[in-house]
S.K.: 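Quick one: the structure is below, questions incoming.
Convention: sequence-line order gives letters A, B, ...; per-chain numbering from 1.
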2 protein chains.
Amino acid sequence: MTVATRDRILDSTAELLRRYGYTGTGLKQIVAEANAPFGSIYHFFPGGKEQLGVETIHRSGRMYQELVEEVFDAAPDVVTGVSDCFAGAAATLEVTDYADACPIATVALEVASVSEPLRQATAEVFESWIQSSASRFGRAGIAPAQARELAIAMLNGLEGAFVFSRALRSTEPLHVAGAQAAAAVRAALDPQAPAATPRSRRRARSAP
Amino acid sequence: MTVATRDRILDSTAELLRRYGYTGTGLKQIVAEANAPFGSIYHFFPGGKEQLGVETIHRSGRMYQELVEEVFDAAPDVVTGVSDCFAGAAATLEVTDYADACPIATVALEVASVSEPLRQATAEVFESWIQSSASRFGRAGIAPAQARELAIAMLNGLEGAFVFSRALRSTEPLHVAGAQAAAAVRAALDPQAPAATPRSRRRARSAP
DNA sequence: GTCTATAGAAGGATAGAC
DNA sequence: GTCTATCCTTCTATAGAC
């Protein structure tokens, strides 16, 4: 036995949730893909589909964060790190025929007004992503408040671009989002040209 | 008779798709909310759920575009127009307890890898939104290519912020996205400080 | 054209043999 | 712990009365 049944179930759930969402994924489909008997779901996850969903969201969220952090930290500077992450996301999307984008975004939108435990799981993952990104911007010398805004703006762009890219079957939105995020970080690091960053909005308000 | 059965069905479908997505919305739920007999669905939409979905996506997309255009065009300038749109989206989200965000984003993610007719419908709506926004930026004096990038960046931010805002039950992401989009448009209009706009990326590459 | 009833498949969940 | 069989509900879709 190489991989435990419980882990195979979590793996196949993660993949199916990413592509087809929560309501679009059936438990029978999950065990079929995991090569597991149906009863194993309720053996390992007594809470049924919802518990399996919550655990998968946390697991997928953590794995995706680690993946992004590796790409990010391998870059020589934060601007390149941001660019590389978006480029990697675009490459993955193309390779998988526009199927594999954000591992939890579809679920997040589906469950937001339906299941409080599931919504909370997606919220915890997103908050962790924001803090991970913000801490890296902070380490690069950006003040905490602006670092958080930059992190949110970058992740906004990433998630929005995923929506558009999957629908349009084009990586154009991802490339635009990557360029914008990189430019925003660059501007935040360069005190000479802060006009287009959220933080310096007040200063630039005198402009047309 | 005030509103035709067919329109009531489309209205209730639009509302349910927006909140619960495509697979999360049942036909029985639709006719219940529309006060219509079940058979009416197949009378008016012989193609079943998929046809009803396609028509609703186009309809919701058009209505949302018109709503945004009204807010946008009522503002004294494009920067204010952008800000007002995000502020309005945030207000709607709060008033509806974080239920009413983008009318088609949840569906778009759900169907992207499942139904080609539905995916295409979402793609057509998104492309129309991009062109509507880009044309307004163009009218303000921004060159076509940059206007399209700005439009995509702004819509990326809006859709991504919808994902985060619904999950986190906070309007913070929407406010960040609005400020960033307004700043990007302002920078594109101001030749003095173009450093942080996507278009001027090459020029600024010499910076740290 | 409006509406009801029901078919047939798929959904989540459970019981219990092994 | 593994696996099968089955229950009950819900889903989409259709048939046909009125």
Side-chain angles (χ1 to χ4, degrees), chain A residues 1-57 106-107 109-111 113-119 121, chain B residues 1-57 106-107 109-111 113-119 121:
Chain A
M1 189 199 297
T2 51
V3 182
T5 302
R6 190 187 147 91
D7 285 332
R8 290 204 314 279
I9 291 175
L10 283 170
D11 282 342
S12 76
T13 304
E15 187 186 324
L16 291 167
L17 288 191
R18 183 178 202 166
R19 299 191 175 198
Y20 309 116
Y22 185 75
T23 50
T25 298
L27 295 182
K28 289 172 185 174
Q29 197 179 355
I30 289 171
V31 293
E33 182 124 344
N35 263 81
F38 187 81
S40 293
I41 286 190
Y42 287 89
H43 175 70
F44 293 112
F45 308 94
K49 192 181 187 182
E50 194 170 61
Q51 183 190 346
L52 178 56
V54 168
E55 289 200 29
T56 301
I57 288 165
T106 310
V107 177
L109 287 179
E110 283 181 285
V111 306
S113 303
V114 172
S115 161
E116 190 54 20
L118 286 166
R119 181 203 65 78
Chain B
M1 189 200 296
T2 51
V3 181
T5 302
R6 190 187 148 91
D7 285 332
R8 289 205 315 279
I9 291 175
L10 283 169
D11 282 342
S12 76
T13 304
E15 187 187 324
L16 292 167
L17 289 191
R18 184 178 201 166
R19 299 192 174 198
Y20 309 116
Y22 185 76
T23 49
T25 298
L27 295 182
K28 290 175 183 174
Q29 200 179 352
I30 289 171
V31 293
E33 183 124 344
N35 263 80
F38 186 81
S40 293
I41 286 190
Y42 287 89
H43 175 71
F44 293 113
F45 309 94
K49 191 182 187 181
E50 194 170 59
Q51 184 190 345
L52 177 56
V54 168
E55 290 201 30
T56 302
I57 289 165
T106 310
V107 177
L109 287 179
E110 283 181 285
V111 306
S113 302
V114 172
S115 161
E116 190 55 19
L118 286 166
R119 180 202 67 78

S.K.: Taking atom P of D:dT10 as reference, at what distance in whole Å does atom CD1 of B:I30 sit?
M.R.: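 Whole-Å distance recorded here is 17 Å.
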
S.K.: Does the pair B:E55 and B:E50 meet the rule for a side chain to side chain contact (heavy atoms under 4.5 Å, CB included), with working shown?
M.R.: CA-CA 9 Å; B:E55 290 201 30; B:E50 194 170 59; over 6 Å; no

S.K.: Between A:E110 and B:T106, does any side-chain donor sit less than 3.5 Å from a side-chain acceptor?
M.R.: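 A:E110 vs B:T106: no donor-acceptor pair found between side chains.
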
S.K.: Take the protein atom CD1 of A:I41 and the nucleotide atom P of D:dG1, then report the distance between them rounded to whole Å.
M.R.: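 The answer, rounded to whole Å, is 17 Å.
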
S.K.: Using atom types as modelled and distance alone, determine if a side-chain donor or acceptor of B:K49 lies under 3.5 Å from a backbone N or O of B:G26.
M.R.: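 Checking the backbone N and O of B:G26 against the side chain of B:K49, no donor-acceptor pair under 3.5 Å is found.
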
S.K.: Please check this pair: side chain of A:S12 against backbone of A:I9, looking for a donor-acceptor N/O pair closer than 3.5 Å.
M.R.: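 Side chain of A:S12 to backbone of A:I9: a pair is present.
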
S.K.: With a non-hydrogen cut-off below 4.0 angstrom, is B:F45 in contact with a base, only sugar-phosphate, or nothing?
M.R.: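 If one applies the 4.0 Å heavy-atom cut-off, B:F45 turns out to touch nothing in the nucleic acid.
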
S.K.: Do any N or O atoms from the side chain of B:S40 and from the backbone of B:A36 form a donor-acceptor pair under 3.5 angstrom?
M.R.: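 Side chain of B:S40 to backbone of B:A36, a donor-acceptor pair under 3.5 Å: no, none is there.
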
S.K.: Any chance you could measure A:T13, atom OG1, to A:F45, atom CZ, to the nearest 0.5 Å?
M.R.: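 Rounded to the nearest 0.5 Å, the OG1-CZ separation comes to 7.0 Å.
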
S.K.: Just report the end-to-end axis angle for the helix from C:dG1-D:dC18 to C:dC18-D:dG1, five pairs per end, to 10 degrees.
M.R.: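 Axis-to-axis angle, ends of the helix: 10°.
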
S.K.: Strictly under 4.0 angstrom, non-hydrogen atoms only: write out the protein contact profile of nucleotides 13-18 of chain C, one letter per nucleotide from the 5' end, B, S or -.
M.R.: BB----

S.K.: Consider only side-chain N and O atoms of B:Q29 and B:E33, and report whether a donor and an acceptor are under 3.5 Å apart.
M.R.: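 There is no such pair between these side chains.
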
S.K.: Could you tell me the separation between the CG atom of A:L16 and the C1' atom of C:dG11, rounded to a whole number of Å?
M.R.: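 These atoms are roughly 15 Å apart.
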
S.K.: Give B:T25 one of three labels, base, sugar-phosphate or nothing, depending on what nucleic acid heavy atoms sit under 4.0 Å from its own.
M.R.: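 Sugar-phosphate only.
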
S.K.: Provide, to the nearest angstrom, the distance between the CD atom belonging to B:Q29 and the P atom belonging to D:dT12.
M.R.: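 Those two atoms, CD and P, are 9 Å apart.
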
S.K.: Within this structure, what is the CZ-to-C1' distance between B:R8 and C:dC3, rounded to whole angstrom?
M.R.: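 Distance, rounded to whole Å: 13 Å.
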
S.K.: Any chance you could lay out the side chain to side chain contact (heavy atoms under 4.5 Å, CB included) test for A:L27 and A:L52, step after step, and finish with the verdict?
M.R.: CA-CA 10 Å; A:L27 295 182; A:L52 178 56; 4.3 Å; yes

S.K.: Kindly write out the residues that satisfy salt bridge (charged side-chain N to carboxylate O under 4.0 Å, His left out) with B:E116, not counting sequence neighbours, or none if the list is empty.
M.R.: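 Partners of B:E116 by the salt bridge (charged side-chain N to carboxylate O under 4.0 Å, His left out) criterion, ordered by chain and then number, come out as B:R119.
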
S.K.: Measure the distance from NE2 on B:H43 to P on C:dT4 and round it to the nearest whole Å.
M.R.: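 Result: 15 Å.
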
